[in-house]
Amino acid sequence: MLFFRRRSDLPLKDDATSRFLPWLVALMTFLSAVSLAGVFVLGGVIERWDRDVSGTLTVQVAPAPGNAVDSEVRTRERVEAAVRLLRSTPGVLSAHSIDKTRTLQLLEPWLGDTALLQDLPLPLLIDVTVDPSKRVDLDALSETLKASVPGATLDDHRVWLSRLVNLSRTVEMLALSVVLMIGGVTSATVIYATRTGLAVHQEVINVLHMIGAQDSYIARQFAERAFNLGLAGGLLGLALAAPALGMVGWAARRLEGGLLPDLSMPWTGWVMLLVLPWIAALLAMVTARFTVLRSLARMP
Amino acid sequence: MRQKGSNQAESVVTFEEVGLRYGRGPEILQDVNFALPAGSFHFLTGMSGAGKSSLLRLIYLAARPSSGRIRLFGQDISRLPRAEMPALRRRVGVVFQDFRLLDHLSALDNVALPLRVAGARESEVQKHVPELLSWVGLSEYLHAKPPTLSGGQQQRVAIARAVIARPDLLLADEPTGNVDDHIAMRLLYLFEELNRLGTTIVIATHNEALVSRFNHPRLHIERGRVERV
Ligand SMILES: Nc1ncnc2c1ncn2[C@@H]1O[C@H](COP(=O)(O)OP(=O)(O)O)[C@@H](O)[C@H]1O
Ligand SMILES: [Mg+2]
């Protein structure tokens with residue numbers, strides 16, 4: 001049984017509320033569903049990017065200026081400073097420099113015989129492993145490196161990706177606050193509708209009081225009505241949102257392999273969407289009950 | 001029977017120097033003193049506009065006295081917290097002068113209200129309500145809505161609603177105003193029957209002929225004052 005079917009002493013069925021509240025809740029549920037889907041898809045994308053960002057990364061230390069011998073010593077000092085700094089950064093598991101021979105080996109496929117390069121001032125590389133379970137702020141790390149060790153730079157691509165993750169998180173928070181605001185608006189509407197109902201049925205409520213009804217008895221009738229209207233609206237909203245989201249998903253899958261990251265929604269997201277009508281119904285119910293109890297308590 | 005543990009078991013209602021005025025209007029009631037012993041049966045008489053309905057309203061907590069003190073079942077009602085009103089009101093059955101039936105509910109559902117409000121089981125409701133409605137001659141109108149009933153029929157629904165929960169105190173405001181004489185007598189016998197079972201009864205009426213047919217004490221209101229006759 002989805003809806004309350006208990007009889008009601010108040011003629012709430014014929015109220016104007018019965019007509020507009022479900023539509024309003026439907027619209028609100030639709031908007032929440034779209035926002036939440038966005039949150040979940042974005043959440044998935046962020047998680048994947050985050051995994052790319054974490055793990056291993058590379059720090060480059062540009063050769064210090066000066067004559068060859070001087071430069072080599074000073075560059076080495078810089079590398080050591082960078083390694084020390086990296087190792088003292090929370091979340092960094094290990095950092096060690098790659099020596100010149102190894103660097104040259106890495107370059108061999110592109111440059112051929114590296115004997116010629118032996119004397120060239122090459123940048124030195126530091127191999128860094130970060131704890132994937134902790135989120136290391138690469139943006140901040142990059143800044144600190146740049147400031148404390150001249151010539152040291154963190155892998156650009158990772159920093160950019162890390163900024164993207166931060167941006168996405170902001171968008172995620174924004175979408176979540178939109179959902180909260182939608183909840184607030186729905187609540188406010190239920191409060192208004194309930195107050196109107198109380199005024200319209202004042203005479204009946206008065207009689208119920210005279211007969212010995214407790215405020216909670218009257219509140220229950222308003223609350224069950226609000227639950228039913230909220231659930232009807234919520235289911236309608238979900239029925240509208242599901243095909244809309246399905247279509248967006250289908251269009252996104254057709255693009256896949258191209259520019260877009262995988263835009264599928266995790267199963268928790270689908271569960272959340274399915275629960276949404278009940279959340280709307282419960283919100284309406286609790287709000288109505290609270291409103292009635294508060295209004296009646298103020299009566300003489 | 002049913003003199004639920006009050007320290008003033010003898011008095012169901014006590015008025016002490018009670019005065020009532022509506023807003024800044026004149027005093028409708030002044031310096032009213034009386035006590036209704038448990039199990040008593042009183043008529044409340046007076047001309048139309050004398051203040052009978054107002055006095056009953058004070059007892060069933062729909063109006064507050066502008067002065068004086070009212071005790072109901074031993075409790076000072078001016079100090080009664082809101083949360084305790086329902087419990088007290090359930091011990092009082094009221095037949096309103098204008099009935100105050102709920103038009104969207106059937107006769108059966110109207111009469112069932114006091115039981116449902118008190119959390120009675122539906123099986124009990126379905127057993128007792130039709131029984132009582134047929135006692136007041138409305139067995140064929142169980143599912144009729146009040147607007148389709150005559151004034152007299154509505155009045156009987158209102159009476160059934162007032163007595164269904166076997167109140168300790170019954171207040172009836174002109175309960176025979178809209179019915180034929182023989183039905184009026186039948187209703188008064190119903191009240192007497194209830195009275196025998198222990199219910200304290202107050203019937204407001206301006207029908208002197210009816211009052212004189214019964215041998216019950218009388219509270220008479222005249223010029224704002226209440227006297228025992
Ligand atoms: N709610 C009210 N506001 C102002 N005056 C009222 C109100 N109810 C009754 N009255 C006045 O109080 C007086 C007594 O009325 P009421 O108690 O209804 O008398 P009765 O029931 O004996 O006919 C009348 O003059 C009436 O106009
Ligand atoms: Mg009157």
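Since the structure is predicted, the reported quantities are computational estimates derived from the model, not experimental observations. Lettering follows sequence order; numbering is per chain, from 1.
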| query | How about B:Phe41: does its CZ atom have over 12 heavy atoms from other parts shown lying under 6.0 Å from it? | reply | yes
| chain A contact via B:Ala62 - side chain, backbone, both or neither, heavy atoms under 4.5 Å | both
| message | Atom CZ of residue position B:Phe34 - does it have more than 12 heavy atoms of other residues, nucleotides or ligands inside 6.0 Å? | response | yes
| task | Mark yes when over 12 heavy atoms from residues, nucleotides or ligands other than B:Glu192 sit less than 6.0 Å from its CD; otherwise mark no. | result | yes
| query | Which region of B:Leu113, side chain (C-beta onward) or backbone (N, CA, C, O), has a non-hydrogen atom less than 4.5 Å from a non-hydrogen atom of chain A, or is it both or neither? | reply | both
| request: Would you confirm whether B:His104, through its side chain, and A:Asp9, through its main-chain N or O, come within 3.5 Å as a donor-acceptor pair? | output: yes
| query | Of the backbone (N, CA, C, O) and the side chain (C-beta and beyond), which part of A:Ser216 lies under 4.5 Å from a heavy atom of chain B, both, or neither? | reply | neither
| query | Do you know which of B:Pro86, B:Pro114, B:Ala87, B:Ala83 has the most heavy-atom pairs with chain A at a distance under 4.5 angstrom? | reply | B:Pro86
| query | Relative to chain B, which segment of A:Ile218 carries a heavy atom at a distance below 4.5 Å: side chain, backbone, both, or neither? | reply | neither
| note | Per side-chain contact (heavy atoms from CB on, under 4.5 Å), A:Ile211 is matched among B:Arg89, B:Arg100, B:Arg161 by B:Arg161
| said: Give me the atom names and distance for the closest heavy-atom approach of B:Phe96 to A:Met210. | reply: CZ-CB, 3.8 Å
| Side chains of A:Asp215 and B:Arg82 in contact at under 4.5 Å (non-hydrogen atoms) | yes
| query | Any chance OH of A:Tyr192 has more than 12 other-residue heavy atoms, nucleotides or ligands included, within less than 6.0 Å? | reply | no
